[in-house]
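Let me begin by presenting the structure, written as C-alpha cells, before commenting on it.
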Amino acid sequence: MIIIMELEFKDRLFELRQEKGLSQVKLAKALGVHPMMISAWERGVNQPNIDSIKMLAKFFGCTAGYLLGIED
C-alpha cells in the first residue's frame, strides 16, 4: 500500500524557508511584508493573495503551482 501525502501551501512555504535557512522575520524583510503574515501563512490561518504567491514563487525560484500543491 502506497500512501501519498500531499503538502499544503503552508507546508511547502515552511520547507522552502527552512531550506534557505531563513527565519520568518528574515523572509518577511526580504519580501517586504510583516513577519506576522509569514507566521499566519505557515500556520494556515491566512492564505496569500495572488501577488504574494507570485512574489514567493519568484523569491524561492519555484512555480506558483508548486507552492499551491498543484505540481511537484
Side-chain angles (χ1 to χ4, degrees):
M1 176 179 199
I2 297 174
I3 298 174
I4 299 174
M5 186 172 149
E6 291 188 30
L7 296 178
E8 296 180 34
F9 168 80
K10 64 186 184 97
D11 303 314
R12 292 196 181 207
L13 176 59
F14 177 80
E15 285 183 356
L16 288 167
R17 182 176 62 76
Q18 293 293 308
E19 286 174 10
K20 287 221 180 232
L22 297 171
S23 66
Q24 289 181 346
V25 172
K26 286 183 180 179
L27 177 58
K29 186 174 254 188
L31 298 176
V33 299
H34 195 279
M36 291 301 292
M37 185 71 69
I38 304 298
S39 174
W41 291 343
E42 287 188 359
R43 289 181 289 123
V45 174
N46 288 331
Q47 296 292 318
N49 62 29
I50 191 68
D51 290 330
S52 296
I53 292 170
K54 290 192 298 190
M55 182 172 49
L56 287 163
K58 185 174 181 178
F59 180 83
F60 287 115
C62 65
T63 65
Y66 176 79
L67 282 170
L68 297 172
I70 297 168
E71 57 191 48
D72 288 326

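We use all heavy atoms of the structure for the numbers below, so side chains are in, but hydrogens, waters and symmetry mates are not.
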Self-check item: SG-CZ distance between C62 and R12, expressed to the nearest 0.5 angstrom
Solution: 9.0 Å

Quiz item: Which residue pairs satisfy the side-chain hydrogen bond (donor to acceptor under 3.5 Å, both in side chains) criterion with at least one member in residues 26-39, sequence neighbours excluded?
Solution: S39-R43

Practice problem: Look up atom CD in E8 and atom CD in E42, then write down how far apart they are to the nearest 0.5 Å. | Solution: 13.0 Å

Quiz prompt | Partner set under side-chain contact (heavy atoms from CB on, under 4.5 Å) for D51, not counting sequence neighbours | solution = N49, K54

Quiz item: How does the hydrophobic cluster around F59 look, that is, which other residues are in it when side-chain heavy atoms under 4.5 Å mark a link?
Solution: F9, L13, L16, L22, L27, L31, V33, M37, I38, W41, I53, M55, L56, F60, Y66, L67, L68, I70

